[in-house]
Undergrad: 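If you scroll down you'll find the structure; I have some questions about it.
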There are 2 protein chains.
Amino acid sequence: MTPAPRRGRRPGDPGETRRAILDAARDEFAASAYDGATIRAIAERAGVDPALVHHHFGTKEELFVAAHDVEAIPASVAAAMAAGRGTPGERLARAYLGAMEANPNVEGLLRSAATNEHARALLRDFMQRTVFDAYQDRIGGEDARLRMGLAAAQMLGVLFLRRFVGLDALAHADLEDIVERVAPVLDLHLGDVRLG
Amino acid sequence: MTPAPRRGRRPGDPGETRRAILDAARDEFAASAYDGATIRAIAERAGVDPALVHHHFGTKEELFVAAHDVEAIPASVAAAMAAGRGTPGERLARAYLGAMEANPNVEGLLRSAATNEHARALLRDFMQRTVFDAYQDRIGGEDARLRMGLAAAQMLGVLFLRRFVGLDALAHADLEDIVERVAPVLDLHLGDVRLG
DNA sequence: CCTGGAATTCAACATGCGTTGAATACTAGC
DNA sequence: GCTAGTATTCAACGCATGTTGAATTCCAGG
């Protein structure tokens, strides 16, 4: 009994439609990665014609970039870290693993980075410029970036096996349980981090 | 001046063509992952018509499975580990990281597991049945599988950032350098492993 | 109230994909 | 040496995809 969708502009705020498309794109990219996600599927999820997606966001790559505005993430992670309890490693692990699991952005970006050149560049720049640069001077030593990379690798590998591969041992484990075990690794890699 | 390829069977061993196709498939899957790799590209890489790929290996999924016969990997890894030097963690790290970097199989499987359901199942089964089961009783404790998962996550995350994302700090680092830093993490996760 | 522009759908396009069936060339068993 | 089967290419089908242009409906400014 859904009334046949008619042509032409609708009454109401077009900004809402824009947001709906962005949300749909985030979810679809997270579920199927860049190459697997189709404009048609995103449009359907948003209850909209595929052509409208192009009208608002241009090409598929531009939509991907628009949907993965990662600049907002670091602030929320920093807040979670400042409010956290335990050793630096524990607070880092809880904040980052939590953020990665909660944010479809991150899942979409990671899934796509494994296959798509553009997503790869986006993730690389995000990690290097937005994350690593921010911690650079709070971590001693000349090999600071290598050690940050290894710490990131531990957390990212967990996400990979937990969400993408679905490895039983990790997929069914409690996140706090994992945090407890990942924390000492971060402390080992990073040494004494001064947070905040 | 390449002679126009003529129709019909060629003189010589057809097994060689089969092998060429398998090699091409491995490389192409490693470079572009399951969804990105096309039968046409594989065929071209092997210097062969796309239809021949189907004739020999059936559907694309069947080709993927045939190209990723991972059963042979554990044996070579075990050998590298037995001959290795250093702590258990060091030997594990060197053997597995080395094998992952040397084997296009692994790269293709990992890249594809991020997006494709079938590859995911293949990798999951490989890790659980072929790797984890083999170490199960050599590692103490009830949470052995969780700890193995975390150890695997550290190594896998390194590969992900190094090869897929191309994170500078890891991509340009010497592998032996990484081995030295990953080793204590494995020892931390796994405790005292009895190798061999 | 009228008019220019923005939002929205529809229909279609070109392209690339996995796959198939027929046609041809070689090989092995009788 | 014939004959059944296999290896190989060619041409094509059917489908899904990203993208575009025209048609229609609403909104905002004069």
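The chains referred to below are lettered A, B, ... by the order of the sequence lines, with proteins before strands, and numbering in each begins at 1.
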Undergrad: Distance check: side-chain N/O of A:R6 vs OP1/OP2 of C:dC10, anything under 4.0 Å?
TA: no
Undergrad: Would you indicate which nucleotide in C:dG18, D:dT8, D:dT19 comes nearest to any side-chain atom of B:L52?
TA: D:dT8
Undergrad: Quick one: label B:G36 by what it contacts on the DNA or RNA (base, sugar-phosphate, nothing), any heavy atom closer than 4.0 Å.
TA: nothing
Undergrad: I'd like to check A:R85 versus A:R94 (side-chain heavy atoms, cut-off strictly below 4.5 Å). Are they in contact?
TA: yes
Undergrad: Quick check: any donor-acceptor pair below 3.5 Å linking the side-chain of B:R40 to the base of C:dG18?
TA: yes
Undergrad: Is B:L22 close to B:R19 at the side-chain level, that is, under 4.5 Å between some pair of heavy atoms?
TA: no
Undergrad: Nearest-Å distance, CD (A:E44) to P (C:dC10)?
TA: 13 Å
Undergrad: Base, sugar-phosphate, or nothing: which does A:A37 touch, judged by heavy atoms less than 4.0 Å apart?
TA: sugar-phosphate
Undergrad: Within the structure, does a side-chain N or O atom of B:R9 lie under 4.0 Å from either OP1 or OP2 of D:dT9?
TA: no
Undergrad: When you measure from the side chain of B:V48, which nucleotide among C:dT9, D:dT9, D:dT6 comes out closest?
TA: D:dT9
Undergrad: Kindly say if A:T38 contacts the phosphate of D:dA16, meaning a side-chain N or O under 4.0 Å from OP1 or OP2.
TA: no
Undergrad: Round to the nearest Å and state the distance from B:K60 atom NZ to D:dC15 atom C1'.
TA: 15 Å
Undergrad: Could you give the CD-to-P distance, from A:E16 to C:dA7, as a whole number of Å?
TA: 14 Å
Undergrad: According to a strict under-4.0 Å criterion, is B:R18 in side-chain N/O contact with OP1 or OP2 of D:dA7?
TA: no
Undergrad: Under 30°, 30 to 60°, or over 60°: which ring-plane class applies to A:F64 and A:Y34, parallel, tilted or perpendicular?
TA: perpendicular
Undergrad: Say whether B:H189 and A:Q154, considering side chains only, have a donor N or O and an acceptor N or O under 3.5 Å apart.
TA: yes
Undergrad: For A:D13 and D:dC26, what is the distance between atoms CG and P respectively, to the nearest whole Å?
TA: 16 Å
Undergrad: Using whole Å, what does the distance between atom P of nucleotide D:dT19 and atom CG of A:D49 come to?
TA: 14 Å
Undergrad: Please tell me if B:H54 has a side-chain N or O lying less than 4.0 Å from either OP1 or OP2 of C:dT19.
TA: yes
Undergrad: Checking only heavy atoms, does the side chain of B:R7 share a donor-acceptor pair with the base of D:dT9 at less than 3.5 Å?
TA: yes
Undergrad: Using whole Å, report how far CG of A:D35 lies from C1' of D:dA16.
TA: 14 Å
Undergrad: Both A:P14 and B:G12 contact DNA chain C. Taking the nearest nucleotide for each, which residue is further toward the 5' end?
TA: A:P14
Undergrad: With heavy atoms under 4.0 Å as the rule, sort B:G15 into base, sugar-phosphate or nothing.
TA: nothing
Undergrad: Is the closest basic N to carboxylate O distance between B:R40 and B:E44 below 4.0 Å?
TA: no
Undergrad: Between atom CZ in A:F64 and atom C1' in D:dG18, what is the gap in whole Å?
TA: 16 Å
Undergrad: Taking only side-chain nitrogens and oxygens of B:H56, does any of them come within less than 4.0 Å of OP1 or OP2 of D:dT8?
TA: yes
Undergrad: Strictly below 4.0 Å: does B:T59 bring a side-chain N or O up to OP1 or OP2 of C:dG18?
TA: no
Undergrad: Hey, which sits more toward the 5' end of DNA chain C by its nearest nucleotide, B:P50 or A:P50?
TA: A:P50
Undergrad: For atom CD of A:E176, decide whether the heavy atoms of other residues, nucleotides or ligands shown that lie under 6.0 angstrom number more than 12.
TA: yes
Undergrad: Hey, does the side chain of B:H55 come within less than 4.0 Å of D:dT8's phosphate (OP1/OP2), counting only N and O?
TA: no
Undergrad: Could you tell me the separation between the CD atom of B:E62 and the C1' atom of C:dG18, rounded to a whole number of Å?
TA: 13 Å
